[in-house]
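What's counted below: heavy atoms across the whole structure, side chains too, no hydrogens, waters or symmetry copies.
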Amino acid sequence: MDRGSLRKQLRASRKALTALEQKNAAINLARVVSQQDFFKSSNTIALYLANDGEIDPKLVMEEVWQQNKKCYLPVLDQKDAGKMHFQLYTPATALADNRFGIPEPVFNSTDVIPAENLDLVLM
């Protein structure tokens, strides 16, 4: 199976889940991830905002903030389509849709961290 077909199949499977199944998956994700040593020892954690039926890591984000860790989200570079940045994200961070219509933090170069400085990236 080629990559495009696999992506379509996985997207269809995600979208076929009921709201309750999606909610339970998000709860289980947060429970399992927050108990892992790699999470406990990480202070700078990159996550994503759920889109297109993806499992929602919002509860993981809340755990990050409760533990005074820093949460980062991917932000597409507006000049170089092949480049991505990781920007600090808090509940007060302003969001705007990127070129794919996906919400992301409004770019602020002072809140960007190099990917190699992240302790953990969950995708």
Side-chain angles (χ1 to χ4, degrees):
M1 179 178 293
D2 66 59
R3 185 176 176 199
S5 297
L6 179 59
R7 288 177 66 115
K8 278 185 178 181
Q9 181 183 13
L10 292 172
R11 184 176 291 121
S13 295
R14 286 193 317 250
K15 288 185 171 189
L17 295 174
T18 66
L20 180 59
E21 289 171 324
Q22 289 178 345
K23 180 180 178 181
N24 286 336
I27 290 168
N28 288 332
L29 174 71
R31 182 180 49 77
V32 170
V33 168
S34 66
Q35 294 174 357
Q36 302 303 312
D37 288 337
F38 61 76
F39 180 84
K40 292 176 183 178
S41 66
S42 297
N43 290 308
T44 55
I45 301 171
L47 292 161
Y48 60 93
L49 296 178
N51 180 59
D52 198 28
E54 296 168 334
I55 190 168
D56 192 345
K58 182 179 180 181
L59 295 173
V60 176
M61 281 182 202
E62 291 174 4
E63 189 67 29
V64 168
W65 295 324
Q66 286 175 4
Q67 293 187 27
N68 294 316
K69 299 172 185 279
K70 292 184 178 180
C71 179
Y72 291 83
L73 294 181
V75 177
L76 301 179
D77 191 292
Q78 295 185 1
K79 295 177 184 167
D80 183 349
K83 196 172 190 182
M84 180 185 301
H85 304 280
F86 289 94
Q87 185 167 316
L88 184 65
Y89 178 64
T90 70
T93 301
L95 299 174
D97 288 351
N98 66 22
R99 64 181 168 266
F100 299 108
I102 300 170
E104 64 183 19
V106 174
F107 186 74
N108 179 343
S109 62
T110 62
D111 288 336
V112 171
I113 187 172
E116 61 268 14
N117 290 354
L118 291 165
D119 296 325
L120 178 63
V121 177
L122 299 174
M123 32 188 256

Do the side chains of Ile102 and Tyr72 join up, straight or via other hydrophobic residues, at under 4.5 Å, putting them in one cluster?
yes
Around atom NZ of Lys70, are there more than 12 heavy atoms from other residues, nucleotides or ligands closer than 6.0 Å?
no
Do the non-hydrogen side-chain atoms of Leu49 and Glu104 ever get within less than 4.5 Å of each other?
no
Can you get from Phe107 to Ile113 by hopping between Ile, Leu, Val, Met, Phe, Trp and Tyr side chains that sit under 4.5 Å apart?
no
Which heavy atom in Val106 sits nearest to a heavy atom in Leu95, and how many Å separate them?
CG2-C, 4.0 Å
Heavy-atom donor-acceptor pair, Gln36 side chain to Val33 backbone, under 3.5 Å
no
Check the hydrophobic clustering (I, L, V, M, F, W, Y; side-chain heavy atoms under 4.5 Å; chains of links allowed) and say if Leu59 and Leu73 are grouped together.
no
What are the two closest heavy atoms between Pro105 and Thr93, and how far apart are they?
CB-CG2, 3.7 Å
Is it the case that atom CZ in Arg7 sees more than 12 heavy atoms from other parts of the structure closer than 6.0 Å?
no
In the structure I gave you, are the side-chain heavy atoms of Phe86 and Asn117 within less than 4.5 Å of one another anywhere?
no
Please name the pair of heavy atoms, one in Gln87 and one in Asn108, separated by the smallest distance, quoted to 0.1 Å.
OE1-N, 3.0 Å
Could you tell me whether the side chain of Asp119 and the main chain of Thr44 form a donor-acceptor pair under 3.5 Å?
yes
Greater than 12 external heavy atoms within 6.0 Å of Lys40's NZ
yes
Interatomic spacing from CD1 in Ile45 to CD in Gln67 - rounded to 0.5 Å
7.5 Å
For Glu21 and Thr18 the tightest heavy-atom approach is OE1-N, 2.7 Å
Could you tell me whether Lys15 and Asp52 make a salt bridge, using a distance below 4.0 angstrom between a side-chain N and a carboxylate O?
yes
Going by heavy atoms in the side chains, are Tyr89 and Tyr48 under 4.5 Å from each other?
no
Are there more than 12 heavy atoms of other residues, nucleotides or ligands under 6.0 Å from atom CD of Gln78?
no
Would you compute the distance between atom CG of Asn24 and atom CG of Leu29 and round it to the nearest 0.5 angstrom?
12.5 Å
Rounded to the nearest 0.5 Å, what separates atom CG in Leu76 from atom NZ in Lys83?
12.5 Å
How close do Gln22 and Arg14 get, counting heavy atoms only, and between which atoms?
NE2-O, 3.4 Å
Val32-Ile55 co-clustered via ILVMFWY side chain contacts under 4.5 Å:
no
In this structure, CG of Asp77 is separated from CG of Asn98 (nearest 0.5 Å) by 12.0 Å
In terms of heavy-atom contacts, Arg31 and Gln35 come closest through O-CG, 3.2 Å
Is Met61 linked to Leu120 within one hydrophobic cluster, defined over Ile, Leu, Val, Met, Phe, Trp and Tyr using a side-chain heavy-atom separation of less than 4.5 Å?
yes
Are there over 12 heavy-atom neighbours, none belonging to Arg99, within less than 6.0 Å of that residue's CZ?
yes
Do Leu88 and Cys71 have side chains that get closer than 4.5 Å, going by heavy atoms?
no
dist Arg11:CZ -> Glu54:CD (nearest 0.5 Å) comes out at 8.5 Å
Compare all side-chain heavy atoms of Val60 with those of Phe39 and state whether any distance is below 4.5 angstrom.
yes
